[in-house]
Amino acid sequence: MEETSSLTNSIIQTINSIFQTLFSSIDNSIYEVLDELVFIDSNILNHSIFEKIFGTSTSNGLLVIANSLLIGFALYYGIRLLYSYYMNLQIERPYQFIFKLLIFGIVMNCSFSICQQFLELNSFISQAIQNLGVNLFGHHISFSELVHQLNNIISFEGTEFNIFSFDGLMKSFISFGLFNLIFSYSLRFVLAKLFVLLTPFAILSLINQSTSWFFKTWLRTILSLLLQQSLVSIILLLVFSANLSATDIFSKLLCVGGMYALIRANSYMRTLIGGISTDVSNNLNIETHLLKNK
């Protein structure tokens, strides 16, 4: 019996040591990066390679393709106009089309600056929510500060970490939840830059009524991706508004609820305005299902 008990204690200590090392490594390295991934601004565009891909003028980058398509739209309308005279059909009047062609052409070629200003505005909104938290609660509203507060309220008996205790289970859920957010917001970061690159083509699609659906889809998607950081700021603000205490179970459960809300933030935003999923676990499940059906 003593040998069995000793072996069991040794296994438990080994498991606790492994998880303690894992969680300490996550706490020390991952959450500042998470803040950079979530709270983005126009700095994500200030990269020489990205600017070259987008196009610094009408003669390079994706703007060359967009301006070529602009000419293509003009040729397409000219053919339709001739065909309408021959078939006696009603189409958009030439001066209306030329006016749209000029307006959307100018806006399209200024789309990089427009994206910069929109990203700054979006960042200003989320920063205003974060500053509200500083003024009200004296805490900087961020993931790094959240981890610091969580480590203060989740305590363990003595100085030993115990994965099999209530606090240990809480720490496990929160750590793995935040680790999942790293992948989710990394995907969001990449998609945000991708849809910025699609901005000239989205604006160009407004020239023709049959392609305007692309702009509507693009707009819902990029708004969903960018406004998500404001929703995250509000969720963090609500978590910090609680009187977090190491002896209060309600505080710990509130942190779990806040963590679940952060994980589901993209789903909530898609429900409100539409957009694209950045939930990595859901995307992996979809890919697995597709592979099984092949």
Side-chain angles (χ1 to χ4, degrees), residues 23 26-27 30-41 119-155 166-189 191-192 220 222-282:
F23 295 150
I26 292 173
D27 287 350
I30 208 168
Y31 300 120
E32 291 183 0
V33 178
L34 187 55
D35 283 322
E36 294 178 7
L37 290 174
V38 175
F39 303 109
I40 60 177
D41 53 24
L119 285 169
E120 282 298 320
L121 176 61
N122 182 65
S123 177
F124 175 79
I125 295 172
S126 59
Q127 285 180 1
I129 299 172
Q130 291 176 285
N131 291 334
L132 180 63
V134 175
N135 295 330
L136 292 177
F137 314 121
H139 298 297
H140 181 62
I141 306 301
S142 64
F143 284 97
S144 55
E145 180 65 23
L146 176 65
V147 173
H148 176 72
Q149 293 295 320
L150 292 177
N151 287 337
N152 287 336
I153 69 170
I154 299 177
S155 59
F166 177 76
D167 284 343
L169 293 175
M170 289 279 297
K171 179 65 175 177
S172 302
F173 175 82
I174 290 171
S175 294
F176 285 119
L178 287 170
F179 196 72
N180 179 53
L181 289 179
I182 285 289
F183 296 104
S184 178
Y185 287 120
S186 295
L187 177 58
R188 168 185 172 264
F189 187 88
L191 289 176
R220 284 197 303 268
I222 198 168
L223 284 176
S224 175
L225 290 171
L226 296 180
L227 293 178
Q228 189 175 337
Q229 67 189 60
S230 295
L231 179 60
V232 168
S233 298
I234 294 173
I235 295 172
L236 290 174
L237 185 68
L238 292 174
V239 173
F240 282 111
S241 67
N243 185 20
L244 302 179
S245 172
T247 58
D248 186 7
I249 295 179
F250 180 79
S251 296
K252 299 176 182 180
L253 293 176
L254 179 64
C255 291
V256 173
M259 182 57 55
Y260 184 77
L262 289 170
I263 295 172
R264 300 287 297 171
N266 174 251
S267 298
Y268 301 149
M269 189 59 66
R270 284 192 296 125
T271 301
L272 288 173
I273 62 176
I276 192 170
S277 173
T278 59
D279 191 332
V280 175
S281 60
N282 285 344

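In what follows, every heavy atom counts, from backbone to side chain, and hydrogens, waters and symmetry copies are set aside.
With rounding to the nearest 0.5 Å, the separation of CG in Leu225 from CZ in Arg270 is 10.5 Å. To the nearest 0.5 angstrom, Ser142 atom OG is 11.5 Å from Glu36 atom CD. Note that CD of Gln228 is 8.5 Å distant from CD1 of Ile235, once rounded to the nearest 0.5 Å. Atoms CD1 and CG, on Ile182 and Leu187 in that order, are 13.0 Å from each other to the nearest 0.5 Å. Note that CD1 of Ile276 and CD1 of Ile222 are 12.0 Å apart. Values are rounded to the nearest 0.5 Å.
Other residues, nucleotides and ligands contribute only 12 or fewer heavy atoms inside 6.0 Å of the OH atom of Tyr260.
Leu262 is listed as a side-chain neighbour of Leu236, based on a closest heavy-atom distance under 4.5 Å. Between Val232 and Phe143 the shortest side-chain heavy-atom distance falls below 4.5 Å. When side chains are defined from C-beta on, Tyr185 does not count as touching Gln229, because their heavy atoms never get closer than 4.5 Å. At least one side-chain heavy atom of Ile129 sits under 4.5 Å from a side-chain heavy atom of Leu237. Looking at heavy atoms from C-beta onward, Ile40 lies in side-chain contact with Leu226 at the 4.5 angstrom threshold. In this structure, the side chains of Arg188 and Leu37 stay at 4.5 Å or more apart for every pair of heavy atoms.
Nearest heavy-atom pair across Ser126 and Ser123 is OG-O, 2.9 Å. Nearest heavy-atom pair across Met269 and Leu227 is CE-O, 3.6 Å. Smallest separation of non-hydrogen atoms from Ser224 and Asn266: OG-ND2, 4.5 Å.
Remark: Ser230 pairs with no residue by the side-chain hydrogen bond (donor to acceptor under 3.5 Å, both in side chains) rule, at least two apart or across chains.
Here the side chain of Ser233 pairs no donor or acceptor atom with the backbone of Gln130 at under 3.5 angstrom.
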Open item on the list: Is there a side-chain contact (heavy atoms from CB on, under 4.5 Å) between Leu34 and Val38? Walk through the geometry before answering.
Closed with: CA-CA 6 Å; Leu34 187 55; Val38 175; 4.1 Å; yes
